[in-house]
Amino acid sequence: MSSNSITAAICTIGDEILIGQIVDTNSSFIARALESHGIKVRTMLSIGDERGEILSNLSHCLACHDIVVTTGGLGPTKDDITKSVLGELSKATGTFESAEQLAVIERILSARGIEMLPANRAQATVPDSCRVIVNKLGTAPNMEFEFQPEQFGHKAVLYALPGVPHEAEGAIPDVLKSIEGKFETGRILHRTLVTFGLAESVLAEKIAQWEDNLPEFLHLAYLPNSIIGVRLRLSCYDADIAGREELLNTMFSELRDILGSYVYGEGEDTLYNILPRLLQGPPVASRQETLAVAESCTGGLISHLITSVPGCSAFYKGSVTSYANDVKASVIAVPAEIIETYGAVSRQTAEAMARGVLEALGSDYSIATTGVAGPDGGTDEKPVGTCWMAVAHRNENGEVEIFAKCHHSGSRLREVNIRRFAANALNMLRLMISQQLFID
């Protein structure tokens, strides 16, 4: 079997996903991990807690793919039937208790002050047709099942992981190590540019000629996200073939040059996780600039994004969620006459908020947002989806420079508007810090 033919399916098991009770984040994480090791994910499925559905869907996936990874259905409750179905599918003749997993279960329950119940102990019992990959982060063991060619027409392996995201993610290094020992995987290269400021359609038009000139072994994917922008992922399969990696890098550099200041990062960069290097990185090695935020219509989302970045305390002073007008006036010193004259949603108010929080928290930079998130509250002059945002900076002379801009989201959906407002405000800060604010 050639290296580039190794394919995989990812299956989530559980009614809670099908009814929308929880969001499946496991599949995307697992897919990225498999792709990074040269395994092409061709199928993703969500399957309910029903024996026949699990059997038929997993049998189909094993017949069509070399590797199947499942998550979910391994808990201690009666609706968690995945383990018994996998025993049936793999023609197990009995079960055994994993002493290593039982030790983990005992440790976890003891730490939580929970008495060991029969249902807890039963989680360490698995079909005798599997190899246990100990789950050190939870009570449900990871399991590996090998299937010979006579059952599905080719060698296939199934890995069953818990549905709890951090437990599934924790198992992936062991899963990848197992896969590497069983298959000759290929080499897939990805290079990703992260952009902000151009809609997907406009972006496609801007790079159309470049994209038309891509060789057939290079593939471009557009990955839009309202908070991040549009990721452009350039992929090369069979990257071991001479010259292909070099050409990928050349085309990637050409793409960056075409897009200029719309590019703000690569790979997993976001508008908020690049802040440490913007505020405390080159060109000055000892740079130690700080940031504060005043939010009205974004309601704390900008602060939430910033504080999701490890080490943000080195540059982030804090925020004021000045939703009410009296808070704008009393906490960050927005003059009442500005709000009375121009309204809360105005350039003047946004600028005063940016200046006020800069002074109040003693930061070098600040962001401010004030707008109409909706779905109600808009007017002809300031419709739903309107946001005034401002960024401010105290320069080396102690003077405060402020730039404000009105953003129109184009949506009446509150959540969409809030996300777009927050992203555009962060992008304004990015452009100010990198001295590109007035280029575009």
Any side-chain heavy-atom pair of Tyr159 and Asp174 under 4.5 Å
no

Centroid separation under 6.0 Å, is that true for the rings of Phe152 and Phe147?
yes

Just do the side-chain contact (heavy atoms from CB on, under 4.5 Å) check on Arg121 and Met116 with the steps written out, would you?
CA-CA 7 Å; Arg121 185 175 188 118; Met116 173 80 78; 4.1 Å; yes

Return yes if some donor-acceptor pair links the side-chain N/O of Trp210 with the main-chain N/O of Met251 below 3.5 Å, else return no.
yes

Nearest heavy-atom pair of Cys406 and Thr386: which atoms, and what distance?
SG-CG2, 3.7 Å

So does Ile302 get a backbone contact from the side chain of Glu295, meaning a donor-acceptor N/O pair under 3.5 Å?
yes

Short question: side chain of Gln148, backbone of Glu150 - any donor-acceptor pair under 3.5 Å?
no

Could you tell me whether His37 atom NE2 has more than 12 heavy atoms of other residues or ligands within 6.0 Å of it?
yes

Look at atom NE2 of His304 and say whether more than 12 heavy atoms of other residues, nucleotides or ligands are closer to it than 6.0 Å.
no

dist Tyr264:OH -> Ser434:OG (nearest 0.5 Å) comes out at 12.5 Å

Determine whether more than 12 heavy atoms belonging to other residues, nucleotides or ligands lie under 6.0 Å from atom CD of Glu100.
no

For residues Lys317 and Leu291, determine if any side-chain heavy atom of one lies less than 4.5 Å from a side-chain heavy atom of the other.
no

Separation between CD1 (Ile367) and CG (Leu429), nearest 0.5 Å, reads 4.5 Å

Any luck finding a side-chain donor-acceptor pair between Asn427 and Arg430 under 3.5 Å?
yes

Asp128 vs Thr95, side chain to side chain donor-acceptor pair (under 3.5 Å): CA-CA, chis, key distance, verdict:
CA-CA 5 Å; Asp128 60 11; Thr95 61; over 6 Å; no

Indicate whether the side chain of Thr185 and that of Glu180 have a donor and an acceptor atom separated by less than 3.5 Å.
no

Quick one: pull up OH in Tyr323 and OG in Ser296 and give me the separation to the nearest 0.5 Å.
6.0 Å

Taking side chain to side chain contact (heavy atoms under 4.5 Å, CB included) as the definition, give me every residue that meets it alongside Glu167, ordered by chain and number, with sequence neighbours left out.
Asn135, Leu137, Pro162, Val164

Taking all heavy atoms of Val68 and all of Cys11, pick out the closest pair and write down the distance.
CG1-SG, 4.2 Å

Distance (rounded to the nearest 0.5 Å) between Leu198 CG and Glu205 CD:
11.5 Å

Step-by-step side-chain contact (heavy atoms from CB on, under 4.5 Å) determination, Ile47 to Thr70
CA-CA 10 Å; Ile47 309 168; Thr70 71; over 6 Å; no

Please find the pair of heavy atoms, one from Gln101 and one from Pro141, that lie closest to each other, and give the distance.
OE1-CA, 3.5 Å

Can you find a pair of side-chain heavy atoms, one from Leu189 and one from Ser235, that are under 4.5 Å apart?
no

Run the side-chain contact (heavy atoms from CB on, under 4.5 Å) check on Val41 and Thr43 step by step: do they pass?
CA-CA 6 Å; Val41 176; Thr43 301; over 6 Å; no

To the nearest 0.5 Å, how far apart are CD in Glu169 and CG in Asn26?
7.0 Å

Short question: side chain of Arg412, backbone of Asp376 - any donor-acceptor pair under 3.5 Å?
no

Tell me whether Lys40 contacts the main-chain N or O of Ala8 through its side chain, where contact means a donor paired with an acceptor under 3.5 Å.
no

Using the rule given for salt bridge (Lys or Arg N to Asp or Glu O under 4.0 Å), can you reason through Lys182 versus Glu146, listing the C-alpha separation, both sets of side-chain angles and the distance that settles it, and then say yes or no?
CA-CA 10 Å; Lys182 299 178 187 298; Glu146 287 197 53; 2.7 Å; yes

Can Ser46 and Asp24 be counted as having a side-chain donor-acceptor contact under 3.5 angstrom?
no

Does a donor on one side chain sit under 3.5 Å from an acceptor on the other, for Thr12 and Thr71?
no

How about Thr82 and Val85: do any of their side-chain heavy atoms sit closer than 4.5 Å?
no

Less than 4.5 Å apart, side chain to side chain, heavy atoms only: is that true for Ile433 and Leu279?
yes

Going by heavy atoms in the side chains, are Leu161 and Leu74 under 4.5 Å from each other?
no

For residues Arg419 and Ser226, is any side-chain donor paired with an opposing acceptor at under 3.5 Å?
yes

Has Asp80 got a side-chain atom pairing as donor or acceptor with Thr77's backbone, closer than 3.5 angstrom?
yes

Kindly indicate, with the supporting measurements, whether the criterion salt bridge (Lys or Arg N to Asp or Glu O under 4.0 Å) is fulfilled by Glu88 and Lys83.
CA-CA 9 Å; Glu88 182 179 349; Lys83 188 161 56 177; over 6 Å; no

Lys/Arg cation over aromatic Tyr222: Arg231, 6.0 Å, 45° cone:
no

Ignoring hydrogens and geometry, is there a side-chain-to-backbone donor-acceptor pair from Ser110 to Arg107 under 3.5 Å?
no

Test side chain to side chain contact (heavy atoms under 4.5 Å, CB included) applied to Lys136 - qualifying residues, sequence neighbours left out:
Val134

Please check if the side chain of Glu144 supplies one atom and the backbone of Cys130 the other of a donor-acceptor pair under 3.5 Å.
no

From Leu271 atom CG to Ile306 atom CD1, the distance as rounded to the nearest 0.5 Å:
11.0 Å

Could you pull out the closest heavy-atom pair between Val194 and Gly267, with the gap in Å?
CG2-O, 3.7 Å

Please check if any side-chain donor atom of Ser129 sits under 3.5 Å from a side-chain acceptor atom of Lys91, or the reverse.
no

Which atom of Pro127 lies closest to which atom of Phe96, heavy atoms considered
O-CE2, 3.5 Å

Could you please spell out the steps behind the side-chain contact (heavy atoms from CB on, under 4.5 Å) verdict for Ile207 and Leu220?
CA-CA 11 Å; Ile207 64 173; Leu220 182 70; 3.8 Å; yes

When you check the side-chain N and O atoms of Ser409 and Asn417, is any donor under 3.5 Å from an acceptor?
yes

Please confirm whether the backbone N or O of Val345 pairs with a side-chain atom of Thr349, one donor and one acceptor, at under 3.5 Å?
no

Can you list everything that forms a side chain to side chain contact (heavy atoms under 4.5 Å, CB included) with Asp49? Sequence neighbours excluded, please.
Ile13, Asp15, Glu16, Asp79

Do Val357 and Val293 have side chains that approach each other closer than 4.5 Å (heavy atoms only, starting at C-beta)?
no

Test item: Ile188 and His190 side chains (from C-beta on) under 4.5 Å apart, heavy atoms:
yes

Can you name the nearest heavy-atom pair linking Arg420 to Ser411, along with the distance?
NH1-CB, 3.8 Å

Is there a donor-acceptor pair closer than 3.5 Å between any side-chain N or O of Asn120 and the backbone N or O of Leu117?
yes

Distance only, no hydrogens: is a donor on one side chain within 3.5 Å (strictly under) of an acceptor on the other, for Ser303 and Tyr316?
yes

So Asp269 and Arg277, salt bridge (Lys or Arg N to Asp or Glu O under 4.0 Å) or not? Walk me through it.
CA-CA 11 Å; Asp269 283 343; Arg277 69 173 183 255; 2.8 Å; yes

